[in-house]
Amino acid sequence: MSILVDKNTRLIVQGITGHQGSFHARRMRQDGTNIVAGVVPGKGGQDFEGIEIFGTVLEAKLAKEANASIMFVPPKFASAGILEAIDAGIEVIVCITDGIPVHEMMEIKERLREEKSWLIGPNNPGMITPEEAKLGIMAIHAFKRGHVGIATRSGSLTYEIGYELTRAGLGQSTVVGLGGDYVKGTDFIDIVPLFENDPDTHLVVMVGEIGGTDEERTAEYIRAKCSKPYVAYLAGSSAPPDQQMGHAGAIVSQGKGTFQSKIKAFEEAGIPVAKYPREVKDIALELLK
Amino acid sequence: MSILVDKNTRLIVQGITGHQGSFHARRMRQDGTNIVAGVVPGKGGQDFEGIEIFGTVLEAKLAKEANASIMFVPPKFASAGILEAIDAGIEVIVCITDGIPVHEMMEIKERLREEKSWLIGPNNPGMITPEEAKLGIMAIHAFKRGHVGIATRSGSLTYEIGYELTRAGLGQSTVVGLGGDYVKGTDFIDIVPLFENDPDTHLVVMVGEIGGTDEERTAEYIRAKCSKPYVAYLAGSSAPPDQQMGHAGAIVSQGKGTFQSKIKAFEEAGIPVAKYPREVKDIALELLK
Amino acid sequence: MKLYEYQAKKIFKDNSISVPNGTVCSTEKETGDAFASVGKGQEVILKSQVLVGGRGKSGGIRSAQTVAEAVDIFKELMDTHIKGFPVAKVLIEEKAEIRNEYYVGITIDPTFYRPILLISSRGGMEVETIARESPSALGQYILNPRYGIPSHEILRLIGELGISKGLSMPLTDVVKKLYKIFCNYDATLIEINPLVESSDGRLIALDARLNIDNNALFKHPELEELKKDFVDNKETYLKEKGVDFVYVGGNVGLICAGAGMTMATMDLVNAMGGKPACFCDVSAGINPQSMELALRTVSSLDGIQSILLNMFGGLTRMDEVATSFIAAWQNMGGISLPAVIRLEGTNVEEGRRIMKENGFEMFTNLYDAVQKAVDLVR
Amino acid sequence: MKLYEYQAKKIFKDNSISVPNGTVCSTEKETGDAFASVGKGQEVILKSQVLVGGRGKSGGIRSAQTVAEAVDIFKELMDTHIKGFPVAKVLIEEKAEIRNEYYVGITIDPTFYRPILLISSRGGMEVETIARESPSALGQYILNPRYGIPSHEILRLIGELGISKGLSMPLTDVVKKLYKIFCNYDATLIEINPLVESSDGRLIALDARLNIDNNALFKHPELEELKKDFVDNKETYLKEKGVDFVYVGGNVGLICAGAGMTMATMDLVNAMGGKPACFCDVSAGINPQSMELALRTVSSLDGIQSILLNMFGGLTRMDEVATSFIAAWQNMGGISLPAVIRLEGTNVEEGRRIMKENGFEMFTNLYDAVQKAVDLVR
């Protein structure tokens with residue numbers, strides 16, 4: 001088992017003929033993902049290296065019984081692409097695109113409240129259920145099949161921490177890059193119940209970031225509702241307050257979302273917090289003993 | 001006691017300088033209603049027979065602590081007037097206007113789902129708590145203070161039945177004209193819980209009409225949740241099916257909303273149904289014995 | 001406002017919904033030409049343009065093999081009334097090869113007051129009949145007007161109804177276009193019944209129904225144009241003059257104020273042994289002109305034996321009613337039928353005085369008045 | 001993108017929010033003229049235009065009684081940095097008579113991802129301080145973006161905060177206008193602090209903050225115009241070239257890929273006894289140009305003793321990183337500082353080969369690399 005994606009995932013690639021889209025479609029296919037169709041407006045009927053291209057997500061879904069989509073679409077068109085996938089009833093939508101306007105993401109968030117689709121991202125490395133399906137841009141050699149669920153707000157740390165776990169013999173059930181934007185399709189608080197209910201996940205790693213209130217709310221949720229072991233890591237102990245460090249999501253504002261408040265929340269929920277990325281695997285090994 | 005309006009009602013008249021607005025403002029004031037302000041865009045600062053006029057509902061509400069509004073506004077501007085009153089947080093809004101486009105009413109209905117305002121109407125005679133406040137265009141001699149709650153979908157029958165009850169010595173707590181449009185601010189199903197919880201209401205009369213599903217739903221609600229005596233009357237036993245008789249709300253469609261289905265619903269809920277308007281008072285007298 | 005089939009089809013076509021080739025005809029000449037151009041000399045279908053459903057069963061849809069036959073049928077159809085409704089024009093269409101028939105409609109749900117989409121795998125019969133006889137062949141989706149109709153909900157219905165997968169895309173497309181028209185035209189009902197799958201696999205709207213909210217007509221000046229093609233219709237004409245009139249066919253002619261009161265009076269006339277001749281509600285505006293129009297209309301109905309004027313006034317003032325009634329009566333030089341008058345409500349005493357001055361007895365009690373009117377027809 | 005106060009005030013004024021009379025000055029001449037026209041010879045306020053909060057406490061807001069004084073203060077302000085930020089211009093404003101100070105702001109709620117309105121009866125201090133020190137003086141409303149901010153919710157906040165009823169209308173009006181700007185300009189934050197009640201009872205925006213979503217700038221070509229007034233800012237310049245850079249002030253110069261990884265590396269340098277000199281994330285696009293820009297920027301920082309290049313590649317391919325690094329290094333003719341390189345991830349072996357060929361040792365283990373970089377500064 002795993003969450004959201006597995007060997008039954010039938011993937012559409014939106015923007016398959018673009019620079020990033022074509023590169024990563026090839027990689028995902030090499031990595032064993034079942035890509036059933038590409039979608040490029042105006043290019044319906046064409047073909048990308050044996051993958052049939054459709055003009056709309058709906059056509060692709062109907063023709064190929066697709067249930068997931070990944071998007072390599074420029075920021076100006078990304079929210080329209082997401083809405084198109086939601087409209088078509090795609091169950092899992094991954095949006096890699098960095099740079100979607102936050103007001104557009106607020107609109108998508110409103111729409112998602114009324115729909116069953118999962119949106120992972122935007123501005124993320126995607127997600128992977130190792131050895132079954134990769135909907136993303138990550139290098140698979142960092143991951144292998146196992147029982148650790150990973151959810152992260154940082155793309156770069158996903159590799160770092162996943163690789164350390166893999167080398168320590170701790171493979172992953174599913175690795176989810178939530179993305180670095182302020183308004184995301186999916187937060188820790190949304191994904192944790194899935195891991196909690198997945199029999200194949202024995203331990204969950206959360207890689208947080210400063211800014212927002214997701215870690216605080218999730219810690220409280222875990223304290224109240226969850227029974228599996230959780231491990232957290234949080235970058236940003238050395239960040240000066242009120243300074244934007246790359247991600248819009250890392251703005252520290254209104255006294256919420258600081259490094260300290262998140263660490264405190266995890267500790268109060270009894271969730272161990274690693275000091276360095278490497279410590280995640282040490283704690284995980286200890287907890288899984 | 002009573003429902004929605006009483007002697008503490010501080011009323012705004014939207015469109016007070018119009019033909020209908022001025023006529024009925026005078027009448028409502030004669031009938032003892034506390035009109036605290038008029039609203040006419042562009043006429044702020046003027047005066048209507050001693051009633052101060054404001055340019056917006058918000059100004060009127062703030063200056064005069066108004067809590068209710070009645071609207072005599074042409075159909076083209078009525079939904080804007082309703083939305084303005086909702087925006088200002090007016091608790092009870094009565095819209096007399098006949099002819100509001102149904103798609104606009106659907107929009108207002110969506111908005112009302114998220115707000116605390118009550119909209120009574122449109123296309124109705126208003127409402128009255130006899131001897132306390134009249135927000136409407138009805139002749140007060142048909143009504144007097146008492147313990148019967150009346151809710152009706154027909155303006156003309158409101159008088160007929162109210163007057164019969166009054167002459168039989170059965171005064172009213174509050175009389176609410178719900179209006180004849182297909183999409184209304186308030187239905188029986190919304191108003192019945194208020195009457196049920198009002199200690200001053202001992203019996204409730206519902207005057208229904210063919211079309212829609214309100215009577216059917218309300219009968220089921222009363223059967224499940226209410227303990228007071230209810231009496232129903234329903235015009236339309238002689239109406240040919242699928243024929244529009246005046247009210248858009250009286251379209252019989254999709255096998256729902258027929259005379260028969262409504263009578264059956266009332267009977268199954270143990271609610272007696274009067275055969276003629278006059279029988280309402282006979283049944284009420286019997287039930288209140 | 002109900003549109004004729006050919007008017008609705010024009011709007012459908014403008015919105016890229018396929019309809020059969022066809023031409024609407026008002027004359028024999030046009031019919032002859034249409035036979036040639038539409039049918040290309042082959043069989044054509046002639047459809048009465050009439051604002052009532054079920055015209056097929058009433059003989060309003062026919063087929064013709066030759067020009068002569070087409071012209072004969074045209075004349076015949078134009079002379080017929082269908083369920084009492086006049087035929088405005090005849091639409092001549094090519095004969096469609098039908099593989100399957102479906103139903104698609106959007107209206108306003110009477111419980112949630114949101115648009116509701118209805119799809120059925122069985123087209124060609126009234127949706128009420130489908131709902132009653134094969135409810136499992138009818139799928140419904142009540143939609144959030146904020147988001148329109150998500151494609152996946154349409155697909156869900158199509159799947160549940162067992163409609164062929166090959167139709168998923170074109171059917172979804174038709175639904176989305178219908179919803180667009182529903183919103184853009186302030187419709188209360190939009191319907192394709194049947195929506196047919198032709199032998200070459202396309203979806204074609206074989207019939208078209210589009211009802212526009214009368215209250216929203218002011219937003220659609222383009223629809224005013226269509227009105228000029230409406231055949232003279234007493235109901236529509238009267239409605240425009242402020243008299244809401246429906247002919248029912250009895251012996252007591254009613255003139256009332258308020259839809260509820262009018263219906264209750266009809267019920268009461270029935271219950272007391274009379275037969276109401278009509279629904280006639282003048283509450284939209286009472287003045288000597290509208291009163292005269294109502295009096296003229298009601299008094300000229302076949303089989304009418306008495307007239308009952310019944311009003312309880314709130315907004316309507318009884319002195320104005322009395323004055324209007326008297327003015328109308330006098331202007332018509334009196335009417336040879338007995339008139340029973342019942343007024344109650346605002347300014348009733350002044351109304352009674354006016355009536356009395358002009359020699360009319362006036363009731364205030366409804367039941368006495370109805371009894372009197374019914375007694376007069378016995 | 002943060003706007004300068006005078007730029008935000010221009011937008012406020014265009015949207016009918018009152019701001020003090022004022023002129024923005026870049027030269028002594030303009031300052032002299034402004035003293036005459038704005039202050040009419042009376043006292044004026046001189047405000048440093050700088051993109052950082054708390055400038056009042058840092059001496060960035062001053063008053064002048066005479067032209068000479070105004071010009072002297074102008075020169076002084078233009079030469080100062082506030083919290084390390086350069087001063088772009090000086091805004092000269094009339095002195096407002098202040099009866100009361102309020103706070104109004106709209107931003108995006110980090111929990112519900114909907115706009116949130118904040119109003120406080122205590123203006124003039126940072127909203128964080130108000131939230132901490134007098135939470136009861138701060139009212140919040142998270143709004144449904146479908147309906148905007150209902151007036152009655154604004155009134156509820158005003159009532160709960162005990163703000164004078166006389167301000168209900170003008171304050172509601174200001175909030176509605178702010179929300180309009182918030183939406184129309186794709187703002188992430190809009191704030192008036194303080195919003196002052198003048199002695200004649202009007203509400204005036206004494207300060208103005210407006211932050212625009214960088215991702216939405218393509219929708220606002222009109223804001224491009226404003227950028228030309230931005231003073232040369234190393235961070236902004238680098239960001240435009242694909243290098244996300246923040247100077248922090250230590251001895252280990254970092255070049256990393258990914259915000260999370262960059263922060264984690266900073267934390268690790270700190271923990272291992274070094275001091276990170278900067279946040280420097282080149283993941284937006286790695287090529288010889290951006291790499292050279294990053295290398296030049298980092299290597300020229302004061303106090304820098306070693307450079308640490310640290311990347312774990314997914315989207316970023318390590319062979320490209322190596323090639324870019326070598327090209328940049330060679331183009332600069334080498335750098336006199338020791339560089340520690342740690343690469344891991346996609347195409348890492350090819351990257352190692354390239355580095356080795358060019359004489360660079362390469363780590364794959366993060367901790368060994370950080371240890372090495374920290375050892376080099378001891």
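Letters A, B, ... mirror the listed sequences (proteins, then strands); counts begin at 1. Hydrogens, waters and symmetry mates play no part in the numbers below; they use all other heavy atoms, side chains included.
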Margin query: Counting neighbours of NZ on D:K180 that are heavy atoms of other residues, nucleotides or ligands and sit closer than 6.0 Å, is the number greater than 12?
Written below: no

Cut-off 4.5 Å, heavy atoms of chain D, and the answer for B:E115 is side chain

Note to self: Please determine whether the number of non-hydrogen atoms from other residues, nucleotides or ligands lying under 6.0 Å from atom CD of D:E222 exceeds 12.
What the structure shows: yes

If one checks every heavy atom of D:I154 against chain B at 4.5 Å, the contacting part turns out to be neither

Would you say CZ of D:R122 has more than 12 non-hydrogen atoms from neighbouring residues, nucleotides or ligands within 6.0 angstrom?
no

Query - Side chain to side chain, B:E65 and D:K165, heavy atoms closer than 4.5 Å - result: yes

CG of B:D87 to NZ of D:K176, rounded to nearest 0.5 Å, is 3.5 Å

Discussion item. Heavy-atom count check: over 12 atoms from other residues, nucleotides or ligands less than 6.0 Å from B:Y221 OH?
Written reply: yes

The interface call for D:R156 against chain B, heavy-atom contacts under 4.5 Å, is neither

Got more than 12 heavy atoms from elsewhere within 6.0 Å of CD, D:E97? no

So, the part of B:L62 with a heavy atom under 4.5 Å from chain D: the answer is side chain

Count the heavy atoms of every other residue, nucleotide or ligand shown that sit under 6.0 Å from NZ of D:K10, and state whether that count exceeds 12.
no

To the nearest 0.5 Å, atom NZ of B:K61 lies from atom CE of D:M169 at 11.5 Å

Correct closest heavy-atom pair for B:A88 and D:S151 would be CA-CB, 4.4 Å

When every non-hydrogen atom of B:I86 is compared with those of D:H152, the smallest separation belongs to O-CD2, 3.2 Å

If you count the non-hydrogen atoms of other residues, nucleotides and ligands that lie under 6.0 Å from NZ in D:K177, is the total more than 12?
yes

Worksheet item: Are D:P150 and B:R111 close enough that some pair of their side-chain heavy atoms sits under 4.5 Å apart?
Response: yes

